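Step one of this worksheet: look at the structure below.
None of the values given here were measured: they were computed from a predicted structure.
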Amino acid sequence: DEALVHLSPQVPLTPLLRTAAARNFFATSLLLLERRADLHHVDVRRGRRRSLVDTAARGASLDGDWRLTLHLLRAGARPEGAQGVLFAPLRRGDAGLARQLVALKVMPDVAGLVSLLCDVCAHGATVSAALLIEELGVPVNARNERDGDTCTDRAAAWHCWETAEWLVTAKGGAPAKPSTALGHLLDASGDPTAARVLRALRASGAVGLRE
């Protein structure tokens, strides 16, 4: 940071800011922003756009320090990939940080929210699933555009039975691929939570004898 104070005015600051953000260097990034590095810089590589928020969030997902990402958002920077920025805290069940990001307008489109719901259920992050369903209004039985799964399919596929039980019994979740879900349930027949999920799905008619 000391070296920045003595930089020549001719040195381009935005490439330095991009590097500092990639390493999640909070103090260095603030100094560069104070010296008028471009807050709204967007890097384009192989057709993919990445803002400083995206870059800092990637670093934050590795070291857990979200100060720079939050500072950039409060200063007016915006992510190019809101889904990726939200995924890290949601995967870890950090609903408080996810709420902060949403309040700062980090909001994927509808398809992105459905994809996030499927992904967090595959990680057993029930708290995050509750946030997406109850606070952001993602339908529990919405299907992922990529593979047609619902979040219940994903929870079953990854044997996240506590999450699956909550989805089915508390939110009316159902698999889009009941035969596949039944196979996962039978594979886990020794797990009492999986057994409860199977009973609940049969009681709701989501899984029947024909499967």
Side-chain angles (χ1 to χ4, degrees), residues 1-125 127-129 131-132 135-136 138 144-147 151 154 158:
D1 295 346
E2 219 173 272
L4 292 177
V5 177
H6 305 290
L7 276 178
S8 164
Q10 281 71 46
V11 174
L13 299 180
T14 299
L16 295 176
L17 176 58
R18 183 180 62 205
T19 300
R23 288 164 174 72
N24 206 24
F25 290 168
F26 181 63
T28 303
S29 298
L30 262 58
L31 280 172
L32 288 164
L33 287 166
E34 287 172 4
R35 296 193 65 175
R36 304 297 178 89
D38 184 6
L39 172 68
H40 303 288
H41 173 75
V42 174
D43 208 19
V44 182
R45 295 185 183 180
R46 301 186 184 92
R48 182 176 179 182
R49 296 171 58 86
R50 182 175 291 161
S51 74
L52 291 173
V53 172
D54 301 301
T55 301
R58 181 177 175 83
S61 71
L62 299 174
D63 65 20
D65 183 356
W66 287 83
R67 290 178 299 163
L68 178 56
T69 303
L70 293 170
H71 177 85
L72 292 168
L73 288 164
R74 289 175 183 132
R78 290 289 171 260
E80 292 290 320
Q83 183 177 335
V85 174
L86 271 182
F87 177 62
L90 288 173
R91 179 186 61 190
R92 293 183 171 87
D94 190 344
L97 176 57
R99 288 188 186 97
Q100 287 187 69
L101 293 169
V102 169
L104 290 167
K105 301 181 180 178
V106 178
M107 179 63 73
D109 60 16
V110 172
L113 287 170
V114 173
S115 180
L116 278 174
L117 178 59
C118 288
D119 288 343
V120 300
C121 289
H123 283 80
V127 169
S128 297
L131 185 152
L132 288 163
E135 298 181 32
L136 299 186
V138 184
N144 191 310
E145 282 188 353
R146 187 171 65 251
D147 56 17
C151 55
R154 289 291 184 84
W158 291 94

Roughly how far, to the nearest 0.5 Å, is the [atom2] atom of [Y] from the [atom1] atom of [X]?
{"X": "Leu17", "Y": "Arg35", "atom1": "CG", "atom2": "CZ", "answer": "12.5 Å"}
{"X": "Met107", "Y": "Leu136", "atom1": "CE", "atom2": "CG", "answer": "4.5 Å"}
{"X": "Leu97", "Y": "Gln100", "atom1": "CG", "atom2": "CD", "answer": "5.5 Å"}
{"X": "Glu145", "Y": "Cys118", "atom1": "CD", "atom2": "SG", "answer": "11.0 Å"}
{"X": "Arg67", "Y": "Leu30", "atom1": "CZ", "atom2": "CG", "answer": "9.0 Å"}
{"X": "Thr69", "Y": "Leu73", "atom1": "OG1", "atom2": "CG", "answer": "7.0 Å"}

Pair [X] + [Y], salt bridge at N-O below 4.0 Å:
{"X": "Arg18", "Y": "Asp43", "answer": "yes"}
{"X": "Asp119", "Y": "Arg91", "answer": "no"}
{"X": "Arg92", "Y": "Asp94", "answer": "no"}

Legend entry - Check: Ala60 main-chain N/O paired with Asp65 side-chain donor or acceptor under 3.5 Å: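 Not at all, since once roles are kept as given, no pair shorter than 3.5 Å links the two residues.
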Inset, instruction - Would you kindly say whether Asp63 and Asn24 are connected by a side-chain donor-acceptor distance under 3.5 Å? - result: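 Judged by distance alone, the side chains do pair up.
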Inset, instruction - Taking atom types as modelled, find out whether Gln83 and Ser115 have a side-chain donor-acceptor pair closer than 3.5 angstrom. - result: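 Yes, side-chain donor-acceptor contact under 3.5 Å.
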Legend entry - Heavy atoms of other groups near Arg78 CZ, more than 12 under 6.0 Å: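 Yes, enclosed.
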Heavy-atom pair with the smallest gap, counting every atom of [X] and [Y]:
{"X": "Gly93", "Y": "Val127", "value": "O-CG1, 4.1 Å"}
{"X": "Phe25", "Y": "Leu68", "value": "O-CD2, 4.2 Å"}
{"X": "Ala129", "Y": "Cys121", "value": "CB-SG, 3.9 Å"}
{"X": "Ala20", "Y": "Leu32", "value": "CB-CD1, 4.2 Å"}
{"X": "Glu80", "Y": "Val42", "value": "OE2-CG2, 3.8 Å"}
{"X": "Asp38", "Y": "Thr14", "value": "N-OG1, 3.1 Å"}

Is there a side-chain contact between [X] and [Y] (heavy atoms, below 4.5 Å)?
{"X": "Leu132", "Y": "Cys151", "result": "no"}
{"X": "His123", "Y": "Phe87", "result": "yes"}
{"X": "Arg74", "Y": "Leu104", "result": "yes"}
{"X": "Arg154", "Y": "Asn144", "result": "yes"}

Inset, instruction - For Leu72 and Leu33, run side-chain contact (heavy atoms from CB on, under 4.5 Å): C-alpha distance rounded to whole Å, both residues' side-chain angles, the deciding distance at 0.1 Å, then the answer. - result: CA-CA 10 Å; Leu72 292 168; Leu33 287 166; 3.9 Å; yes
